[in-house]
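Written out below as structure tokens is the structure these notes cover.
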Amino acid sequence: MKTYCEFTFEAAHSVAPYSGLHGHTFIVKLTFGGPVDEVYGWPVNLYDVENYIKEIKGEHGSGLDHGNLDLNTEIGIASLENVTTYIWRLVKARFPNLEEVELRRGMPGSTEGCIYRGETAGAVGLAA
Ligand SMILES: Nc1nc2c(c(=O)[nH]1)N=C([C@H](O)[C@H](O)COP(=O)(O)OP(=O)(O)OP(=O)(O)O)CN2
Ligand SMILES: [Zn+2]
């Protein structure tokens, strides 16, 4: 069973030298797998995930809600990929059965995004 949820956050970022400071609505999709609960049939209780998302969005300095991702030193250059692996590290630490993080920006039809499954070390050299 694969169970997923999506959440959005508004944030500014830049990717020097390609783009200066600007903002997006980012869309995150978290997918979980692994053994399921015998009673509920789910690999993760989305109620717990939702509460954790509120927690990380509210964390000062994360940049994950109306913040500036450039100021979060754990991300490095705030490319799609680096923001994705940052979110992976946060959520994986709390939910080890996280299997995939997808991050998207832009409107449908002109969306850019990436998908991470923990297959390589993060761009900032941290273990996946
Ligand atoms: N693989 C990647 N390549 C590039 C990325 C990235 O995150 N991953 N990012 C950039 C720059 O951010 C890009 O030049 C600017 O794109 P974007 O962030 O979308 O900013 P825009 O000004 O284009 O904003 P729109 O909302 O899309 O108009 C380069 N390469
Ligand atoms: Zn951008």
Side-chain angles (χ1 to χ4, degrees):
M1 181 68 72
K2 303 300 179 194
T3 295
Y4 71 87
C5 66
E6 286 191 348
F7 68 95
T8 63
F9 65 93
E10 317 292 332
H13 79 133
S14 61
V15 182
Y18 305 103
S19 64
L21 190 62
H22 62 281
H24 295 285
T25 296
F26 290 91
I27 302 158
V28 184
K29 179 179 178 183
L30 305 175
T31 301
F32 302 87
V36 298
D37 181 283
E38 287 180 7
V39 175
Y40 295 100
W42 63 43
V44 70
N45 184 344
L46 292 173
Y47 177 79
D48 296 334
V49 177
E50 189 182 322
N51 285 332
Y52 186 63
I53 290 167
K54 284 178 191 162
E55 190 181 313
I56 59 176
K57 283 180 75 169
E59 258 171 31
H60 182 67
S62 71
L64 289 183
D65 195 31
H66 296 89
N68 180 350
L69 296 170
D70 294 352
L71 303 180
N72 183 333
T73 54
E74 292 183 48
I75 293 175
I77 293 284
S79 62
L80 281 166
E81 291 81 357
N82 284 348
V83 177
T84 301
T85 52
Y86 170 69
I87 293 171
W88 167 273
R89 292 194 297 275
L90 284 182
V91 179
K92 189 73 174 175
R94 173 70 178 71
F95 299 96
N97 60 339
L98 174 71
E99 292 191 354
E100 181 181 288
V101 177
E102 178 180 351
L103 179 69
R104 303 194 302 275
R105 68 186 182 208
M107 300 303 287
S110 64
T111 298
E112 299 169 324
C114 64
I115 294 170
Y116 185 73
R117 298 188 181 99
E119 62 270 27
T120 55
V124 292
L126 299 177

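Note that the coordinates shown come from a computational prediction; the quantities given were computed from them, not determined experimentally. Read the numbers this way: they start at 1 and go in the same order the structure lists the ligands and their atoms.
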Under a 4.0 Å N-O cut-off, is there an ion pair linking Arg104 with Glu112?
no
Whether Glu59 and Lys57 form a salt bridge (side-chain N of Lys/Arg under 4.0 Å from carboxylate O of Asp/Glu) is what I want to check.
no
Before you tell me yes or no, could you show the steps for Glu102 and Glu6 under side-chain contact (heavy atoms from CB on, under 4.5 Å), namely the whole-Å CA-CA distance, both residues' side-chain angles and the distance that decides it to 0.1 Å?
CA-CA 9 Å; Glu102 178 180 351; Glu6 286 191 348; 6.0 Å; no
Treating Asp70 as the side-chain partner and His13 as the backbone partner, does any N or O pair qualify as donor plus acceptor under 3.5 Å?
no
Looking at Asp65 and Gly58, would you say the former's side chain and the latter's main chain have a donor-acceptor pair under 3.5 Å?
no
Give the protein residues with at least one non-hydrogen atom closer than 4.0 Å to an atom of ligand 1, ordered by chain and number.
His13, Val15, Tyr18, Ser19, His22, His24, Ser79, Leu80, Glu81, Arg105, Glu112
As a quick check of understanding, evaluate side-chain contact (heavy atoms from CB on, under 4.5 Å) for Tyr86 and Leu69, giving each step before the final call.
CA-CA 11 Å; Tyr86 170 69; Leu69 296 170; over 6 Å; no
Ring geometry between Tyr40 and Trp42 (parallel below 30°, tilted from 30 to 60°, perpendicular above 60°):
parallel
Is any protein N, O or S atom closer than 2.8 Å to the Zn ion (ligand 2), and if so, which?
His13 NE2, His22 NE2, His24 NE2
side-chain contact (heavy atoms from CB on, under 4.5 Å) with Trp88: of Val101, Leu30, Leu103, only one passes, and it is Val101
Trace of the side-chain contact (heavy atoms from CB on, under 4.5 Å) decision for Asp48 with Phe95:
CA-CA 9 Å; Asp48 296 334; Phe95 299 96; 4.0 Å; yes
